[in-house]
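Letters go in sequence order (proteins before strands), and every chain restarts at 1.
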Amino acid sequence: MANIVKRYGIGLTTVFVALAAFWMLALVWIPYSIMIEQSFRLYLPFSELNGPRDVYTLANYASLFDSIAARNVLGINVPIPVYIFLLTVLYSCLVTVLCFAFAYPMAWLLAKRVSVGAVPLIIMLLIIPMFVSELLRTYAWYIILAFQGPLNAALGLFGIGKIRWLTGYNGVIIGMVYTYILFMFFPIYNSLTSLDTNQIEAAQDLGAKWWDVHRLVAIPHAKSGISSGCTIVFMFSVGSVLVPTMLGSPSSRWFTEVILRTMFESQDWNTASAYAFLILLVCLVFVSLVMRLFRVNLTDVAK
Amino acid sequence: MIGDNVALDRISIEFGNFQAASDVSVDIRPGEFFSFLGPSGCGKTTILRTISGFQEPTRGTVEIGGRPMKGISPNKRPTALIFQNLALFPLMPVWENIAFGLRVRGMGKTERRARAERLLDIVEMSGTGDKMVSQLSGGQRQRIAIARALAVEPKVMLLDEPLSALDLKLRQHMRAELRAIQERTGVTFIYITHDQGEALAMSDRIGVMSRGRLQQVDSPEAIYNRPVNAFVASFVGENTILDGRIAAEDGKFVRFDTTAGTFLALPGPELQEGAFSRLFVRPEHVRVGGEAASNSVSAAIAKIVFEGNLITVVGRTSHGTDLTAQFTNNSTSIRPKVGDHLNFSFDPADAQVLASEPVRTKEVA
Ligand SMILES: Nc1ncnc2c1ncn2[C@@H]1O[C@H](COP(=O)(O)OP(=O)(O)OP(=O)(O)O)[C@@H](O)[C@H]1O
Ligand SMILES: [Mg+2]
């Protein structure tokens, strides 16, 4: 702190600190606190606000379970909203794993195999699609994956019959992997570029096969990148609205859609807040699991 | 453990149209301590990478223990490479670093640990197994890198300037240490350095390299006393160099005409008729004082450097040629003063006329 004052003078330092404090307070903590507080109060007509029924309660959270419809999963009757919630978390994990499975080899090739001169071009080619809005990109996938669409036409050329891509969660998963993969790619790429090539060669020289090199040297080195990539992709997936709305099928429901419905169709902001808070909790749990798994601390993930 | 021989046969390595190694042939014996010595960028690392399998030669063959190595990947060669920057694994504790090669060979944890402890003993680092690499000093890291390489029981150890990052004291200590480990294990050591003192002190034989070519392969003594050409003579040790031309042969010597006079000297092995040549004589072979005789020239003392055990004097002849002489400091040695005119002389058997590349203008002047 004294360092910053010395560097920028007292005036500029005050401005920095004030801006940071404003950001944290006004744009993060206050809205979240309001949301959390709301989530413990009932959705009441205006006249009853601050009345005898306006007390703190867990009813909004409990409402997740008192749905009339239920679904039988492995012999247990699971209420539909809970079911959707669990599927959302499960498929977000799947999206995260798929993103890693595609992004890691890509990052490895780009960081360690491609000649240095070609890298800027390839990175440009990866980024340019991101200039197009997410809506259009998602819509493009809607066209590609359509039953009469170009993908099936192309597969037809190889004698493969038409596949109904947009059933169940297929479309959602494909769309999310496509949309979020770069958030996995760049952190991993960054951490792999800092891996000394001599270490890879030292491992090989000592007898390591290619998977040993990845298992024992490259992945441990890239763990901060991998953990932050996983965290970002998971959070984006759980909280995604656009992709599930556009590429979803009648049988796919995302928990954000439940929140949206509660918020804008039922106008029940209190319950919606409760549900949104649940997503926040899931994200926190996920981050701590990732930190456990990779034995990294919060600053590593934040990088 | 006993080492393998390493035979390089007419190795050439090209990067694009840049020739990093040309026609390198050498047969390194089993259990030998062999050094490649040469200036920065002469292709030493490239040769080592070729032996360890990270670089395929453009032409020529590598054989280790009589087995051709073409197409055999680094992880299957009986070599262990110690990198210029060591390349220890920073995320593993010391013992896991050492046992890495055993781990990828599928050895169980308890046995690995036991082996690592034994190797720590060999490099005199017992008790540090659980430390992280970052907690070790430069010299200690050095030893861990050696232990890690020894763990896979290589037939050939390849060391790429492993001591260059250490300070002088530690470097001298580690030289002796390395040599001792080599003798204890009997493994063939191929050592790379640009430090001539290091190469002379440690090696059984030295290969002197310049611009991708092997100039001379010989024992340290022969490299120092009988360099085959001007590059080897001037890269290894100090010299007084006299420009001139061969006037006549005189028994086993040649008469060499220079601006400072005519001198007798041994002809070098690579001399060719009409090719450019220069006379080389080591400072410790030049005497100062005494009567004018053959192979002597009068010069004014221009500089005196007192180094404790040694005294170095530089004399300048009336034609502006510099001669350097070096002698030990004792009660009988002479004490010239700057400006004195003294005779500088040397024995014809201690001077050599060597093939040289044409001199640059600055050196002629
Ligand atoms: N992969 C490569 N591509 C192109 N040129 C290379 C490559 N590797 C090495 N070179 C060139 O080959 C020459 C020899 O390099 P090398 O690393 O073998 O030198 P060295 O003798 O080990 O030098 P130093 O003592 O500085 O380590 C250098 O001029 C270098 O620029
Ligand atoms: Mg080198």
Distance col, row B/Leu81:CG vs A/Asn198:CG, nearest 0.5 angstrom, shows 8.0 Å
Distance (rounded to the nearest 0.5 Å) between A/Thr197 OG1 and B/Phe83 CZ:
10.0 Å
More than 12 heavy atoms of other residues, nucleotides or ligands under 6.0 Å from NZ of B/Lys70: yes or no?
no
A/Tyr32 OH: over 12 foreign heavy atoms closer than 6.0 Å:
no
Using heavy-atom distances under 4.5 Å, tell me whether B/Arg148 contacts chain A through its side chain, its backbone, both, or neither.
both
Within a strict 4.5 Å, meaning less than it, do heavy atoms of the A/Gln204 and B/Phe54 side chains meet?
yes
So, does A/Gln199 use its side chain to make a donor-acceptor pair with the main chain of B/Leu88 at under 3.5 Å?
yes
Do B/Asn75 and A/Asp205 have a side chain donor and acceptor closer than 3.5 Å?
no
Measure distances from B/Thr79 to the heavy atoms of chain A and classify the residue's part below 4.5 Å as side chain, backbone, both or neither.
both
Counting heavy-atom pairs under 4.5 angstrom with chain B, the leader among A/Leu216, A/Asp196, A/Val217, A/Asp212 is A/Leu216
